[in-house]
Amino acid sequence: MRRSFLVIPLALSILLGVGCKKAIPANQPSTTNTTPEANVFLPPPQTPETENTRNLNELRAALLQFEQAKTFRAKLTLSIASAVVTGQIDVMKPDRFHGTMESQNASGQPDTSELVGVGDTLYIRMSKTQWGYVKDPEKAKAYTQAFRSSVSSQGSLLTQGLDDSLLVAKTRDGSLGCERYSTTIPSTSTPATLEVCVANGLPKRIVASSNGNTATVDYFDYNKLFVIERPIGFYK
């Protein structure tokens, strides 16, 4: 289409130039320039965008929008081996989150945990007991980064694996009201399958599976106003 905008004006200029050529009186010598006209420069034709390239670019754009969101909430379901962990995390960028997680212990009873991350300090309590915090700063930093990465694309396979050779299929998910982008990201160990459902330019659901483990994350409340503070009694 872009090339047609160049061709049409060029054709019109040639036609108008011929039609408006000034007549030369018979008793005067012709001053027509007989030298060859300079070649008209035309840009090289653009390679048409393939469907796969378009799908990949749309997926990249959605993940970029995701990284620019200031706040969001997400519900998680992690299926790891024989265990299933569910929870919700509220994120305030750049460095705050509040998460609740629930799983079943060996006796079949639910184990609950609550976490609050402020900077590199991680606060935690189990089964609604008293709050504590991880005193080792290196471990706290590692834990908070790992928890944030469970719902963010920064530093994860979402941003590291989307090279130009990736094959991305796009389908409509009517039940969720979004466009689903599906792909398989190669790896030196185990490939990961990835599905990103996009609505209004942002991920609505991300499902990642690798080596028998599956993570499903549903996102909502983008850029909503909420507050995350340290647990009462902690002022570290």
Side-chain angles (χ1 to χ4, degrees), residues 59-80 83-105 109-160 173 176-179 194-208 214-236:
L59 177 56
R60 285 170 169 164
L63 294 177
L64 178 61
Q65 285 289 97
F66 177 39
E67 284 304 314
Q68 293 175 347
K70 301 300 183 183
T71 63
F72 63 86
R73 290 187 167 101
K75 291 185 178 180
L76 303 84
T77 301
L78 310 177
S79 299
I80 305 173
V84 176
V85 180
T86 59
Q88 178 173 318
I89 180 172
D90 304 341
V91 176
M92 290 180 59
K93 294 181 180 179
D95 61 356
R96 293 186 179 223
F97 72 85
H98 172 230
T100 56
M101 307 294 288
E102 181 176 308
S103 62
Q104 286 189 343
N105 57 30
Q109 299 299 315
D111 281 334
T112 60
S113 59
E114 189 173 0
L115 304 93
V116 173
V118 178
D120 291 331
T121 303
L122 179 64
Y123 303 90
I124 186 170
R125 67 174 177 174
M126 305 294 295
S127 300
K128 299 187 182 301
T129 57
Q130 186 176 359
W131 281 98
Y133 70 92
V134 179
K135 296 182 179 181
D136 186 325
E138 292 301 319
K139 287 184 179 180
K141 183 177 181 179
Y143 291 156
T144 54
Q145 288 179 344
F147 202 78
R148 290 191 190 103
S149 68
S150 67
V151 293
S152 172
S153 66
Q154 186 173 8
S156 70
L157 58 83
L158 295 182
T159 51
Q160 293 176 350
D173 190 326
L176 291 176
C178 57
E179 305 295 331
L194 180 67
E195 292 184 354
V196 182
C197 228
V198 177
N200 300 318
L202 285 163
K204 187 172 185 178
R205 171 176 289 179
I206 294 179
V207 181
T214 301
T216 302
V217 187
D218 292 312
Y219 298 91
F220 58 102
D221 283 355
Y222 282 106
N223 296 316
K224 298 289 186 178
L225 181 61
F226 52 83
V227 178
I228 298 175
E229 297 292 352
R230 303 175 192 270
I232 296 175
F234 282 91
Y235 302 96
K236 184 178 182 298

**Request:** Looking only at non-hydrogen atoms, find the nearest pair between Lys204 and Ala199 and report the distance.
**Result:** CD-CB, 4.2 Å

**Message:** Quick one, Leu194 and Ile206 - any side-chain contact, counting heavy atoms below 4.5 Å?
**Reply:** yes

**Message:** List the residues meeting side-chain contact (heavy atoms from CB on, under 4.5 Å) with Lys224, not counting sequence neighbours, and say none if there are none.
**Reply:** Asp221, Phe226

**Request:** Please report the closest heavy-atom contact between Leu176 and Asp173, naming both atoms and the distance.
**Result:** N-OD1, 3.1 Å

**Message:** Does any part of the side chain of Leu225, heavy atoms only, come nearer than 4.5 Å to the side chain of Thr71, both counted from C-beta?
**Reply:** no

**Message:** For a quick test of reading the model, state the closest non-hydrogen atom pair linking Gln65 to Gly201 and the distance between them.
**Reply:** CB-O, 3.6 Å

**Prompt:** Considering residues at least two apart in sequence or located in another chain, which fulfil the salt bridge (Lys or Arg N to Asp or Glu O under 4.0 Å) criterion with Glu229?
**Reply:** Arg96

**Partners meeting side-chain contact (heavy atoms from CB on, under 4.5 Å) with Gln88 (sequence neighbours left out)** = Arg73, Lys75, Asp90, Thr100, Phe220

**Message:** Can you list everything that forms a salt bridge (Lys or Arg N to Asp or Glu O under 4.0 Å) with Arg205? Sequence neighbours excluded, please.
**Reply:** Asp218

**Complete:** In terms of heavy-atom contacts, Pro203 and Val196 come closest through CB-CG1, 4.2 Å

**Request:** Look up atom OG1 in Thr121 and atom NZ in Lys135, then write down how far apart they are to the nearest 0.5 Å.
**Result:** 13.0 Å

**Those residues that, when tested against Asp136, pass side-chain contact (heavy atoms from CB on, under 4.5 Å) (two or more places apart)** = Glu138, Lys139

**Asked** Looking at Ala62 and Val198, what are the two nearest heavy atoms and their distance?
**Response** CB-CG2, 3.7 Å

**Message:** Any side-chain to backbone donor/acceptor pair from Asn223 onto Lys70? Under 3.5 Å, distance only.
**Reply:** yes

**Item:** Verdict with reasoning, Leu76 to Val85, per side chain to side chain contact (heavy atoms under 4.5 Å, CB included)
**Value:** CA-CA 8 Å; Leu76 303 84; Val85 180; over 6 Å; no

**Parallel, tilted or perpendicular, as decided by the 30° and 60° cut-offs, for the rings of Phe72 and Tyr222** = tilted

**Prompt:** Mind checking whether Val116 and Tyr133 have side chains closer than 4.5 Å, heavy atoms only?
**Reply:** no

**Prompt:** So how far is it from Asp111 CG to Glu102 CD, rounded to the nearest 0.5 Å?
**Reply:** 8.5 Å

**Message:** List the residues meeting side-chain contact (heavy atoms from CB on, under 4.5 Å) with Arg60, not counting sequence neighbours, and say none if there are none.
**Reply:** Leu56, Asn57, Leu162, Asp164

**Prompt:** How long is the span from the OG atom in Ser127 to the CD atom in Glu114, to the nearest 0.5 Å?
**Reply:** 11.0 Å

**Message:** Please give me the minimum heavy-atom distance between His98 and Ile228, naming the atom from each residue.
**Reply:** N-CD1, 3.8 Å

**Item:** Pairwise distance CD(Glu67) to CG(Leu202) - rounded to 0.5 angstrom
**Value:** 11.0 Å

